[in-house]
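Shown next, in structure tokens, is the structure this report addresses.
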Amino acid sequence: MIKNSIRNEKVVEISFFLSLILVFLDSYEFMKFPLTWIGNFMIVAICIFIFYKEKMQIHPMVLLILFITLIPTIFNLFTFDFLSSELVYTITRVASYLGFVITFFVISQSKFKKIIFKNLINAFYLIIALSIYMYVAQLFNFYEPIRNRPGTGILGFDNQTNFWPSSSHRMIGTFREPVFLVSILFPSFLVIHYKSINTTFFYFLSAVLFGLTKSELSLILLLTFLFVEIILMKKLNSKVLIFAIIFFLGFFIPINECDISPQN
């Protein structure tokens, strides 16, 4: 029984780490399937496995609230033609919503939460390392894996942008746009910040990552974070101060690729 428990922990640990990495590889796809979709599917599958393995029970009130939130979408489904793009899109969004609910519920209740949190930290560090390398690679024209997932432009302009000729170069890491990096990794940073005691190096790297995105969203999130830390929680340790200083330096100091590498 102990062996089975250890085996299950290893399976969850390895699977969750791989699925997180795939979720963070936003710029890449395999056979027209975005890797981040595959990662999300794996996370939901892992959570369903844990749900049945630990014989969890969902309170009826939670199911009622979930049903109420889906009522408008359920009625809206009957207005679509069968196999229309709107129907497929809506079903995909509903599946994503239900997957998020299942994931949140299971992770908050499971005995595997420490293992899951440990792998979140490991995946976060790995993505930081990849992102910083890619930033330097773009500046100096080093090797970078081909980004094969279309961008988010309109009217056919769906190429990913990693070159800004007249403005400061921006960190995009493994994501299609700087704002995607911030919207996914900043919440991960907050979870790690509030759930564990971290080194100064962690805050330094995180500040470099978010500051170099030059994203207005990162600035808003940082200011909100500082407001909560200083005004609401009435604390500001040296690590958070270092995080803020490095972030502002990375955000406001221009780094123009054309000045650094004119041949690019």
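Being a predicted model, the structure only gives us computed values, none of them experimental.
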Subject >> Minimum heavy-atom distance between Met134 and Pro145, given as atom pair plus value >> reply: CE-CD, 4.2 Å
Original post:
So with a 6.0 Å cut-off around OH of Tyr194, is the heavy-atom count from everything else above 12?
Top reply: yes
**OP:** Taking the side chain as every heavy atom from C-beta outward, state whether Asn162 and Glu144 have any pair of such atoms under 4.5 Å apart.
**Re:** yes
**OP:** Drop me the distance from Ser188's OG to Leu120's CG, to the nearest 0.5 angstrom.
**Re:** 5.0 Å
Subject >> Trp164 atom CH2, over 12 foreign heavy atoms within 6.0 Å >> reply: yes
**OP:** Return yes if some donor-acceptor pair links the side-chain N/O of Asn198 with the main-chain N/O of Ile192 below 3.5 Å, else return no.
**Re:** yes
Original post:
CG of Leu25 to CD1 of Ile127: how many Å apart, nearest 0.5 Å?
Top reply: 5.5 Å
Subject >> Inter-residue atom distance Leu190.CG - Thr224.OG1, 0.5 Å rounding >> reply: 9.5 Å
Original post:
Would you say Phe33 has more than 12 foreign heavy atoms packed within less than 6.0 Å of its CZ?
Top reply: no
Original post:
Going hydrophobic residue to hydrophobic residue with side-chain gaps under 4.5 angstrom, can you get from Leu222 over to Ile242?
Top reply: yes
Original post:
CD1 of Ile68: more than 12 outside heavy atoms within 6.0 angstrom?
Top reply: yes
Original post:
What are the two closest non-hydrogen atoms of Met56 and Val106, and how far apart are they?
Top reply: CE-O, 3.8 Å
Subject >> Leu217 vs Ser183 side-chain heavy atoms within contact, under 4.5 Å >> reply: yes
Subject >> CA sep, side-chain torsions, deciding dist, call: Phe67, Leu63, side chain to side chain contact (heavy atoms under 4.5 Å, CB included) >> reply: CA-CA 6 Å; Phe67 175 74; Leu63 294 176; over 6 Å; no
Original post:
Is Ile220 reachable from Phe180 through a run of hydrophobic residues whose side-chain heavy atoms are each under 4.5 Å from the next?
Top reply: no
Original post:
Leu35 versus Glu29: any side-chain heavy-atom pair under 4.5 Å?
Top reply: no
Original post:
Under 6.0 Å from the CZ atom of Phe163, do we count more than 12 heavy atoms belonging to anything else shown?
Top reply: yes
Original post:
Quick check: are there more than 12 heavy atoms from other residues, nucleotides or ligands sitting under 6.0 Å from CZ of Phe252?
Top reply: yes
Original post:
Of the non-hydrogen atoms in Glu54 and Gln109, which two are nearest, and what is the gap between them?
Top reply: OE1-O, 4.3 Å
Original post:
Does the side chain of Gln138 come under 3.5 Å of the side chain of Glu257 through a donor N or O and an acceptor N or O?
Top reply: no
Subject >> Same apolar cluster (I L V M F W Y, side chains within < 4.5 Å links), Ile71/Leu64 >> reply: no
Original post:
Going from CG on Leu18 to CD1 on Ile38, what distance comes out if it is rounded to the nearest 0.5 angstrom?
Top reply: 12.0 Å
**OP:** Evaluate whether atom CZ of Phe104 has more than 12 neighbouring non-hydrogen atoms of other residues, nucleotides or ligands under 6.0 angstrom away.
**Re:** no
Subject >> Contact check, side chains of Phe100 and Asn40, non-hydrogen atoms, under 4.5 Å >> reply: no
**OP:** Determine whether Leu221 and Phe225 make a side-chain contact, defined as any pair of heavy atoms from C-beta on separated by less than 4.5 Å.
**Re:** no
Original post:
So which heavy atom on Ile184 is nearest to which on Pro187, and how close?
Top reply: O-CD, 3.5 Å
Subject >> Heavy-atom neighbours of Phe41 CZ exceed 12 at 6.0 Å >> reply: no
Subject >> Heavy-atom donor-acceptor pair, Arg149 side chain to Phe175 backbone, under 3.5 Å >> reply: no
Original post:
Between Phe189 and Phe186, does the ring centroid distance fall short of 6.0 Å?
Top reply: yes
**OP:** Kindly indicate, with the supporting measurements, whether the criterion side chain to side chain contact (heavy atoms under 4.5 Å, CB included) is fulfilled by Asn148 and Phe30.
**Re:** CA-CA 9 Å; Asn148 61 351; Phe30 176 72; over 6 Å; no
Original post:
Is it true that Arg170 and Glu177 make a salt bridge, defined as a side-chain N closer than 4.0 Å to a carboxylate O?
Top reply: no
Subject >> Spacing of CG belonging to Leu126 relative to OG1 belonging to Thr174, to within rounding of 0.5 Å >> reply: 9.0 Å
Original post:
If you look at every heavy atom in Gly173 and Leu181, which pair is closest and at what distance?
Top reply: N-CD1, 4.0 Å
**OP:** Would you give the length of the straight line joining atom CD1 of Ile107 to atom CZ of Phe117, rounded to the nearest 0.5 angstrom?
**Re:** 12.0 Å
Original post:
Any link between Leu241 and Ile246 through a network of hydrophobic side chains (Ile, Leu, Val, Met, Phe, Trp, Tyr) touching at under 4.5 Å?
Top reply: yes
Original post:
So, do Phe140 and Tyr135 have ring centers that fall under 6.0 Å from each other?
Top reply: no
**OP:** Any chance you could lay out the salt bridge (charged side-chain N to carboxylate O under 4.0 Å, His left out) test for Lys234 and Glu229, step after step, and finish with the verdict?
**Re:** CA-CA 6 Å; Lys234 299 186 185 302; Glu229 289 282 313; over 6 Å; no
Under 3.5 Å donor-acceptor pairs involving side-chain atoms of residues 203-214, not counting sequence neighbours:
unit_1	atom_1	unit_2	atom_2	d
Tyr203	OH	His193	ND1	2.7
Ser206	OG	Phe202	O	2.8
Thr213	OG1	Phe210	O	2.6
Thr213	OG1	Ser215	N	3.4
Lys214	NZ	Gly250	O	2.5
Lys214	NZ	Phe251	O	3.2
Lys214	NZ	Ile253	O	2.7

Subject >> Shared hydrophobic cluster for Ile102 and Met61 (ILVMFWY, side-chain gaps under 4.5 Å) >> reply: no
Original post:
Given Leu223 and Phe227, is the side chain to side chain contact (heavy atoms under 4.5 Å, CB included) satisfied, shown in steps?
Top reply: CA-CA 6 Å; Leu223 294 177; Phe227 175 80; over 6 Å; no
**OP:** Spell out, as yes or no, whether a donor-acceptor pair under 3.5 Å connects the side chain of Asn119 to the backbone of Phe16.
**Re:** no
Subject >> Polar side-chain atom of Ser19 near backbone of Met42 as donor-acceptor pair, under 3.5 Å >> reply: no
**OP:** Applying side chain to side chain contact (heavy atoms under 4.5 Å, CB included), run through Thr36 and Leu22 and close with a yes or a no.
**Re:** CA-CA 5 Å; Thr36 186; Leu22 291 176; over 6 Å; no
Subject >> Heavy-atom check, side chain of Met171 versus side chain of Pro178, under 4.5 Å >> reply: no
